[in-house]
Structures are given as C-alpha cells and as structure tokens.
Amino acid sequence: MEALAAGSTAVVTGAAGGIGLAVATKLVAAGMRVGLVDCADAVLQRAAELGENAAGFVVDVSDRSAVETLAGEVRSRFGPVSFLMNNAAIDGGADTLSGPAIWDRVIGVNLMGVLHGVQAFVPAMIADGRPGIIVNTGSKQGITQPPGNTAYNVSKSGVKALTEGLAHTLLETTGERITAHLLIPGFTFTGMTRTSNTKPDAAWAPGQVADFLFERMAAGDFYILCPDNDVTRPTDEKRMAWTMGDVIENRPALSRWHPRYKDAFAAFMKD
C-alpha cells in the first residue's frame with residue numbers, strides 16, 4: 001500500500017494505549033513518521049518511547065479548533081499526511097434518559113471527533129494528489145445495538161454512516177487513490193474494557209487487532225470486522241442479520257433482547 005510507504009506521515013488518535021498505540025507502533029516500525037494524538041498526557045511518553053519518527057500531541061478531538069490546529073502542526077512538522085486513523089473514543093455508559101452531560105461528551109468524542117479529524121485532514125489529502133488511507137474505528141455495538149449503552153451505540157452508528165459516506169465521496173473525487181475503511185473491533189483488551197491487569201481469554205490483544213487491520217486493508221476490505229477468541233465471524237454475521245431482520249420483518253425494537261423472541265433468536269443462531 002503506497003500510503004504506508006516509509007517516510008510518509010500518519011496520524012493516529014486515541015494513541016496513548018490500546019488499538020491506537022498498537023497501530024502507531026506498527027507504522028513507526030514500517031518507517032513512517034507518526035503523530036500520536038490523545039487527550040491524556042501519557043501520549044507524550046508513548047511517542048518518546050517510539051523514537052524520533054514519532055511525536056505526541058495532547059488534543060481533545062471533540063474540540064474542532066484544536067483538531068484543525070493539530071492538522072497544521074503535523075503538516076508543518078512532518079509534511080503531508082497519507083494515513084489518518086480516527087480512533088479516539090470513550091465509553092460513557094449512558095442510556096436514553098441519562099443526563100445531557102455524558103451524552104454531549106460521548107457524542108463529542110466518539111462521533112464529532114471522527115468528523116473533526118476527517119474535515120481537518122482529508123481535504124488536504126485530496127488536494128495533495130498522493131495515495132491515502134483513512135481508518136475510522138467503529139464498533140459492533142453500532143450495528144447490533146445492545147441495550148444499556150445507548151449513547152455509545154448512537155455514536156458508533158454515526159461513525160459507520162459517516163465512514164460509508166466518506167468512502168463514496170472519496171470514490172467520486174479520487175477514484176481509488178484515497179480509500180476509507182471502517183474498523184469494527186471485537187472484544188479487545190484495552191483501557192476501555194479492562195477490569196484487571198490480566199487479559200481475559202476471550203479478548204484479543206490490541207496488536208492482534210492492528211495486524212488484522214493491515215491484513216484486511218491490503219485485501220481491500222471496507223468493513224474490517226474483527227473476530228476475537230470467543231466470537232467468530234459467522235456468529236457476528238448472524239447477530240447482524242437478525243438485527244436487520246427487525247426492520248424487514250417489523251419485529252419489536254431490539255427483538256434479540258425481547259422476551260417474546262428469546263426462543264426464536266436462539267433457534268436462529270443454531271441454524
């Protein structure tokens with residue numbers, strides 16, 4: 001992939017740990033100059049540990065002007081960006097009737113942060129005339145909509161729609177020179193999911209997700225749907241198909257969790 005050539009520039013948000021740091025580490029190892037972005041000061045130390053081709057930036061991606069300033073700083077320091085990963089996210093645990101503050105924060109970081117990254121960096125990527133890649137990190141929850149964390153689901157549903165629209169816009173404006181991809185991780189052992197210092201057997205390590213991302217980008221995938229050590233791709237596909245069936249068959253909302261459909265869903269998963 002030309003966009004990942006040694007000497008090119010990459011930007012990864014949410015890069016103080018987890019998937020973002022794993023991706024940034026691979027990019028530096030490939031000889032790229034990488035801007036690691038996070039709201040946590042720890043990103044400065046993570047970047048220092050990766051060496052002279054990495055730089056840390058403490059930025060709140062929900063702040064549009066801060067992201068626009070970031071784009072200028074990265075370009076001034078490293079040159080045109082060819083790889084952008086909008087990965088920063090938080091897990092607010094907000095349901096529909098939760099207070100507005102947590103909704104504002106979850107939507108601000110998880111959805112608007114992605115939009116800010118796209119709008120701050122992508123126009124210049126188009127104008128530069130170079131090969132480019134944009135990866136936005138979504139979630140299976142943005143597709144299957146499990147109850148109890150509605151704000152997160154809404155934000156990640158928005159990232160899916162945004163990235164699909166971006167991919168089509170890039171196709172129309174650049175052909176296949178710049179591509180967009182939606183990363184859909186499975187259960188991954190990160191700061192967002194960690195409950196202890198021991199990785200659960202069911203979870204993938206962030207490095208596994210990073211490896212899978214680059215493998216599937218090279219294969220040309222738009223939807224990069226990751227399994228984990230517990231849930232296989234066929235299981236994910238059936239859960240997603242059932243979710244779409246709610247609309248097609250006019251079942252109750254979130255029928256997978258509706259008591260009347262418990263046995264029907266179990267039978268569907270066994271077929």
Exercise for the section: Check step by step if side-chain contact (heavy atoms from CB on, under 4.5 Å) holds for Arg64 and Gln119. Expected result: CA-CA 9 Å; Arg64 178 185 294 272; Gln119 293 188 335; 2.7 Å; yes
Problem - Working for side-chain contact (heavy atoms from CB on, under 4.5 Å), residues Phe57 and Glu73 - result: CA-CA 9 Å; Phe57 299 87; Glu73 291 178 352; 3.8 Å; yes
Handout entry: Short N-O contact, Lys26 and Asp211, less than 4.0 angstrom
Key = yes
Problem - Joint hydrophobic cluster, Ile178 plus Leu182, side-chain heavy atoms closer than 4.5 Å - result: yes
Problem - Heavy-atom pair of closest approach, residues Ala203 and Phe189 - result: CB-N, 4.0 Å
Handout entry: Charged N-O contact under 4.0 Å between Asp128 and Arg75
Key = yes
Exercise for the section: Check whether Trp257 and Val154 end up in the same hydrophobic cluster, where Ile, Leu, Val, Met, Phe, Trp and Tyr are linked by side-chain heavy atoms less than 4.5 Å apart. Expected result: no
Completion exercise
Only one of Asp236, Val231, Thr232 passes side-chain contact (heavy atoms from CB on, under 4.5 Å) with Pro234, and that residue is Thr232
Handout entry: Asn87/Ile19 under side-chain contact (heavy atoms from CB on, under 4.5 Å): CA gap, chis, key distance, verdict
Key = CA-CA 8 Å; Asn87 172 71; Ile19 295 169; 4.2 Å; yes
Exercise for the section: Please work out whether the ring planes of Trp204 and Phe212 are parallel, tilted or perpendicular, with thresholds of 30° and 60°. Expected result: perpendicular
Problem - Whether over 12 other heavy atoms sit under 6.0 Å from Met244 CE - result: no
Completion exercise
In this structure, CD1 of Ile224 is separated from NE2 of His181 (nearest 0.5 Å) by 6.0 Å
Practice task
Could you tell me whether Gln45 atom CD has more than 12 heavy atoms of other residues or ligands within 6.0 Å of it?
Solution key: yes
Fill in the blank from the handout: Looking only at heavy atoms, the pair that brings Phe268 and Ala241 closest together is CZ-CB, 4.2 Å
Exercise for the section: Assess whether atom NE2 of His258 is packed by more than 12 heavy atoms of other residues, nucleotides or ligands within 6.0 Å. Expected result: yes
Handout entry: Arg233 and Asp228 ion-paired at < 4.0 Å
Key = no
